[in-house]
Amino acid sequence: MSKLFFGGLVCLATLLLVGCIEESVVVKVNRDGSGVVHVRSYHQKGNLGFSIGSSKQETSSEKDPNEGLPSEEKLQALAERLGKGVRVESVAAATNPQGWNGFEVVFAFDDVNDLVLSDQLFALGHKSKKDAEDAEGTEADSPKTGPHEKFSLVEGTRFQLEGDRLLISRDSDHQLQANANQQPLQATKDPFAEEPKSPSVVSITGPQMEKFMSQVLKDARMGLFVELESGIGETNARYHNKDQVTLFKIEIGPLLEQKPLVDKLSRLSHRYHGAELRSETQKLAEQIKGLNIDIEDQISVQFAK
């Protein structure tokens with residue numbers, strides 16, 4: 001029991017120390033097709049009010065301002081993945097208006113037609129597979145895809161500039177078909193299948209814990225946006241203002257208060273596929289506060305005159 005309590009305490013401390021995150025990616029496109037991909041990643045530190053194993057508190061002046069910045073190797077690898085001619089323009093520690101610490105990375109490109117977005121844009125502040133291997137001394141496996149995996153809101157997003165109009169496309173049908181075509185791994189016999197074990201789900205959550213987590217994560221958010229040099233003109237985008245089109249924006253706080261709808265959303269891929277899955281996802285997402293997603297196959301945005 002004491003081990004269980006201490007383990008739970010450490011997990012709780014980790015959550016509090018990590019605190020909220022705020023991550024955004026803005027793709028800004030100029031009229032000539034050049035532009036930047038601006039990544040912002042901030043985190044709000046939590047404070048338990050006590051420390052484990054040491055009473056020393058690190059002051060802000062003692063912290064390395066570059067701690068937590070993505071490595072040059074990681075940034076260069078991502079630049080290559082984003083497309084031909086994409087390069088790292090700048091990387092620096094930064095603080096958002098609320099005082100959350102983090103970093104900003106700017107990638108530059110010469111031709112938006114060669115740009116292909118990657119999920120890794122939202123993973124620059126997380127440990128990579130190599131980082132995990134170095135830290136643990138073992139190989140870290142990438143998550144395996146399953147038969148009901150949903151399409152990504154970022155991976156494979158492409159752009160096509162036609163005169164004063166930018167077309168934004170997601171190859172979601174290709175993603176879903178690739179998942180469906182995956183061959184299952186050859187099964188082996190589980191040597192521990194008959195061994196005694198605890199139930200499949202062990203939960204330490206409850207009303208108080210849910211209330212606590214809602215408070216900790218209430219301001220966490222992430223999003224992907226497209227900005228045009230002279231502003232947004234005519235567009236079929238669902239969410240936009242005069243400056244930017246929103247491809248997706250997720251606010252964790254409101255989602256935690258709508259668990260039944262979020263659970264329903266996560267199960268849609270068990271019932272629907274292809275265009276029908278996109279349609280049902282869009283309809284349900286519009287009922288969920290804090291979840292703005294636009295999963296049209298193609299979004300058209302005109303430069304403001």
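Only a predicted model underlies this, so the values are computations on that prediction, with no experimental measurement involved.
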Set of side chain to side chain contact (heavy atoms under 4.5 Å, CB included) partners for Glu72, sequence neighbours left out:
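Listed in chain order: Gln76.
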Does any part of the side chain of [Y], heavy atoms only, come nearer than 4.5 Å to the side chain of [X], both counted from C-beta?
X	Y	value
Lys249	Arg221	no
Thr281	Tyr272	no
Gln258	Lys289	yes
Lys242	Ile232	no
Tyr239	Leu247	no
Val154	Phe248	yes
Leu224	Leu153	no
Leu291	Leu265	yes

Only one of Asp263, Leu256, Leu261 clears side chain to side chain contact (heavy atoms under 4.5 Å, CB included) with Lys259; which?
Asp263
Rounded to the nearest 0.5 Å, how far apart are [atom1] of [X] and [atom2] of [Y]?
X	Y	atom1	atom2	answer
Ile288	Glu251	CD1	CD	13.0 Å
Asn96	Glu104	CG	CD	9.0 Å
Ser41	Asn101	OG	CG	11.0 Å
Gln298	Ser169	CD	OG	4.0 Å
Ile21	Gln44	CD1	CD	11.5 Å
Asp297	Ile168	CG	CD1	13.0 Å

Got a sec: does the CD of Glu234 have more than 12 other heavy atoms crowding it under 6.0 Å?
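No - once you tally the heavy atoms of other residues, nucleotides and ligands closer than 6.0 Å, there are 12 at most.
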Which atom names give the shortest non-hydrogen contact between [X] and [Y], and what distance separates them?
X	Y	answer
Ala79	Val88	CB-CG2, 4.2 Å
Asp32	Leu161	C-CD2, 4.3 Å
Glu229	Phe303	N-CE2, 3.8 Å
Glu89	Ala108	OE1-CB, 3.5 Å
Val105	Pro70	CG2-CG, 4.1 Å
Cys20	Ala220	SG-N, 3.6 Å

Check whether [X] and [Y] end up in the same hydrophobic cluster, where Ile, Leu, Val, Met, Phe, Trp and Tyr are linked by side-chain heavy atoms less than 4.5 Å apart.
X	Y	answer
Met222	Trp100	no
Leu117	Leu75	yes
Val29	Phe225	no
Val116	Val36	no
Tyr42	Leu121	no

Hey, are Gln160 and Asn113 close enough side-chain-wise for a donor-acceptor pair under 3.5 Å?
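Looking only at side-chain atoms, Gln160 and Asn113 do not form any donor-acceptor pair under 3.5 Å.
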Heavy-atom donor-acceptor pair, [X] side chain to [Y] backbone, under 3.5 Å:
X	Y	answer
Glu227	Val245	no
Gln282	Ile293	yes
Gln244	His240	no
Ser34	Phe109	no
Ser71	Lys74	yes
Ser300	Leu167	no

Under a 4.0 Å N-O cut-off, is there an ion pair linking [X] with [Y]?
X	Y	answer
Asp110	Arg87	yes
Glu155	Arg81	yes
Arg278	Glu296	no
Asp111	Lys84	no
Glu280	Lys283	yes

Side chain to side chain donor-acceptor pair (under 3.5 Å) for Thr246 and Asn292? Distances and angles first, verdict last.
CA-CA 8 Å; Thr246 299; Asn292 293 346; over 6 Å; no
Using side chain to side chain donor-acceptor pair (under 3.5 Å), reason through Glu22 and His43 one step at a time and then give a plain yes or no.
CA-CA 6 Å; Glu22 179 182 274; His43 59 275; over 6 Å; no
CA sep, side-chain torsions, deciding dist, call: Ile250, Leu255, side chain to side chain contact (heavy atoms under 4.5 Å, CB included)
CA-CA 8 Å; Ile250 300 172; Leu255 295 188; 3.5 Å; yes
Could you give me the CA-CA distance, side-chain angles and deciding distance for Val26 and Val226, then say whether side chain to side chain contact (heavy atoms under 4.5 Å, CB included) is met?
CA-CA 6 Å; Val26 178; Val226 175; over 6 Å; no
